[in-house]
Amino acid sequence: MLDLQFIRDNQDRVRKAMVDKGIGNDSIVDALLKADEERRNLITQTQDTQTRANAAAKEIGILMKDGRKEEAQEAIIENSRLKAELKSLEDGLRSAQEVVDQLQLEIPNVPHESVPVGRTPDDNVVDEEWGEKPIFGFDALAHWELIDTLNLVDFDRGSKVSGAGFPFYLGAGARIQRALTNFFLDEAIKAGYLEVQAPLVVNEDSARGTGQLPDKEDLMYEAQRDGLYLIPTAEVPVTNFHRDEIFAAKELPKRYCAYTPCFRREAGSYGKDVRGLNRLHQFDKVELVHLVRPEDSYAALEDLREHAENLLRKLELPFRRLLMCTGDMGFTQAKKYDLEVWSAGQERWLEVSSISNFESFQARRMKIRYRDEDGGKPQIIHTINGSGLAVPRIVAALLENNQQPDGTIRVPDCLVSYFGASSIGHVRGSDISAH
RNA sequence: GGAGAGGUGGGUGAGUGGCUGAAACCACAGGUUUGCUAAACCUGCGUACCUUUUAUAGGGUACCGAGGGUUCGAAUCCCUCCCUCUCCGCCA
């Protein structure tokens with residue numbers, strides 16, 4: 001949510017943002033400004049009337065105390081008229097306010113000046129590629145084939161028990177995910193993040209706070225009876241942790257890491273895009289969240305990005321970084337990077353991290369503020385978050401990139417102690433034969 | 001799930017219809033003074049919005065869990081909802 005004053009003062013930038021992001025149309029801005037003007041007019045009138053009514057009520061109190069009953073009675077009658085007037089003013093104000101509130105939620109965040117203008121994913125800028133794509137002397141398999149051979153994941157029974165996109169992970173398949181999760185958390189803790197375990201369901205206010213509502217209901221599973229949503233990412237509970245709070249300046253920055261399963265309803269496309277571990281309705285992820293002063297947010301964005309990239313380097317996975325264009329970056333972001341990992345069996349890039357600066361857009365909705373050392377009014381903070389990292393796609397890439405001629409999978413050095421072995425399926429089936 | 005109690009400013013906590021945006025204390029910030037692992041005293045100290053032809057300034061309105069209602073006037077009375085605590089039951 002953008003500041004109303006900002007929208008008033010920067011109409012052109014806001015209109016351009018909507019065009020560049022390809023969201024709505026700028027008649028919303030006109031409607032908003034008109035409703036806002038009406039709202040402010042009504043506020044002025046309403047408050048003016050209230051001032052008079054308050055004065056009258058006070059006067060009546062004094063008259064009553066002095067025992068001047070008749071004068072008081074006259075004043076009461078007089079004041080009743082004011083009250084009726086007030087009623088209609090308030091009704092008008094309420095509906096004007098509703099219009100403003102609703103339209104304000106329909107205006108997207110303004111992209112940072114460094115963000116390329118573009119319409120489609122093709123307009124995203126590839127910032128950097130790192131690492132060597134592996135070259136095999138044999139036919140490289142896709143991870144779903146490797147998974148089958150090594151019996152790491154059971155998709156069919158997942159479908160039976162829950163539905164498509166809810167797999168069971170078995171034996172080494174389960175353990176490699178646990179190893180990755182622990183590795184990610186430990187790295188984050190080393191970097192100074194505070195680990196949190198968050199609720200996996202949130203209420204409507206929280207979903208609105210981080211921008212999942214309104215309009216993105218379809219993204220989330222809903223427990224309607226209890227008014228709760230399954231979290232699509234730990235970003236939602238972790239950022240809302242500080243909703244409606246005012247920090248002292250010295251308390252910032254706040255940096256949190258959280259491992260949670262993530263639930264996504266998104267229908268998505270069919271075929272290869274959703275094959276295997278590429279796209280699931282439930283997946284594990286470690287999320288990183290920063291709450292910072294406004295002037296620090298772009299440095300924090302780079303810091304988080306660097307952290308996530310280092311994880312990929314340690315995992316020895318080739319990856320590239322995309323700077324997302326205006327049309328592909330989303331409603332709430334001011335600037336966003338995607339990290340994509342090379343998956344050698346499928347010969348495609350898989351998104352494993354999305355790192356965004358929301359500036360004050362989320363924090364304004366959540367009323368997360370801080371007070372500067374100099375005192376003065378509380379100011380809205382900035383929020384940044386990013387994955388560090390999404391687990392199943394890392395597994396997919398790891399399986400595909402590290403497959404060996406003998407059918408085993410090499411485990412990267414950084415994971416060996418977490419995983420407890422230097423390869424998966426070294427003795428064919430030994431990990432899972434017990435099952 | 002059953003029964004009861006309660007939700008006031010950063011904290012504790014007064015306040016049962018008008019002079020209370022809210023006492024007091026603590027915490028915090030600034031100042032004075034004495035000086036020595038600090039104390040005493042003074043002052044300040046909620047948020048949002050509107051507005052004043054533009055100010056680290058003034059004026060106004062709203063907010064005492066949330067939303068409605070009664071009243072000329074509500075933190076104070078009524079209704080609904082949410083939350084917290086205690087006891088009982090159940091339970092990883």
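Below, read A as the first sequence line, B as the second, and so on, with proteins coming before strands; counting in each chain starts at 1.
Neither side chain, A/R365 nor A/Q362, offers a donor N or O lying under 3.5 Å from an acceptor on the other. Side-chain contact, A/Y418 with A/D186: a donor N or O sits under 3.5 Å from an acceptor N or O. Residues A/T260 and A/K285 have side chains that never bring a donor and an acceptor to within less than 3.5 angstrom of each other.
Remark on RNA chain B: of its neighbouring residues A/I62 and A/D3, the 5'-side contact belongs to A/I62, judged by nearest-heavy-atom nucleotide. The residue among A/Q50 and A/A56 whose nearest nucleotide of RNA chain B is located toward the 5' end is A/Q50.
Taking the ring centroids of A/Y370 and A/H382, they lie at or beyond the 6.0 Å cut-off. Checked against the 6.0 Å centroid threshold, A/H290 and A/Y193 count as a close aromatic pair.
B/rU32 and B/rA39 have their C1' atoms separated by 14 Å, given to the nearest Å. To the nearest whole angstrom, the two P atoms, one in B/rC42 and one in B/rC25, are 10 Å apart. When the C1' atom is used for both B/rG69 and B/rG17, the distance is 15 Å, rounded to whole Å. Taking atom P on both nucleotides, B/rU70 is separated from B/rG46 by 33 Å, rounded to a whole Å. Spacing between B/rA62 and B/rG67 at atom P, rounded to whole Å, works out to 15 Å. Taking atom C1' on both B/rU33 and B/rU43, the two are 15 Å apart, rounded to the nearest angstrom. Going from the C1' atom of B/rA92 to that of B/rA5 covers 29 Å, rounded to whole Å. B/rA23 and B/rG11 have their P atoms separated by 15 Å, given to the nearest Å.
Across all strands shown, A/D48 has no heavy atoms under 4.0 Å from either base or sugar-phosphate atoms. Within the nucleic acid shown, A/R369 comes within 4.0 Å of sugar-phosphate atoms alone, with no base atom in reach, counting heavy atoms only. At the heavy-atom level, A/I43 lies under 4.0 Å from the strands shown only through sugar-phosphate atoms.
With both pairing distances under 3.5 Å, B/rA40 is matched to B/rU32 as a Watson-Crick or G-U wobble pair. Under the Watson-Crick or G-U wobble criterion, with both distances below 3.5 Å, B/rA22 has no partner in any strand shown. The partner of B/rU61 is B/rA48, by the rule that a Watson-Crick or G-U pair needs both atom distances under 3.5 Å. Shown here, B/rG6 forms a base pair with B/rC83; the pair counts as Watson-Crick or G-U wobble because both key distances fall under 3.5 Å. Across all strands shown, B/rA92 forms no Watson-Crick or G-U wobble pair with both key distances under 3.5 Å.
Contacts with RNA chain B (heavy atom under 4.0 Å) in residues 81-91 of chain A: A/K83, A/K87, listed by number.
Taking a heavy-atom distance under 4.0 Å as the criterion, the stretch of RNA chain B touched by chain A extends 5' to 3' from B/rG18 to B/rG73.
Remark: A/L89 CG to A/T46 OG1 distance equals 4.5 Å, nearest 0.5 Å.
Within a 6.0 Å sphere centred on CD of A/E295, heavy atoms belonging to other residues, nucleotides or ligands number more than 12.
The only member of A/R369, A/K367, A/E245 that meets side chain to side chain contact (heavy atoms under 4.5 Å, CB included) when paired with A/P378 is A/R369.
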Show, in sequence, the C-alpha distance, side-chain angles and deciding distance for A/D36 and A/R40, and conclude whether the salt bridge (charged side-chain N to carboxylate O under 4.0 Å, His left out) test is met.
CA-CA 6 Å; A/D36 177 49; A/R40 280 181 294 145; 3.3 Å; yes
Applying side-chain contact (heavy atoms from CB on, under 4.5 Å), run through A/V115 and A/K336 and close with a yes or a no.
CA-CA 8 Å; A/V115 172; A/K336 172 172 156 185; over 6 Å; no
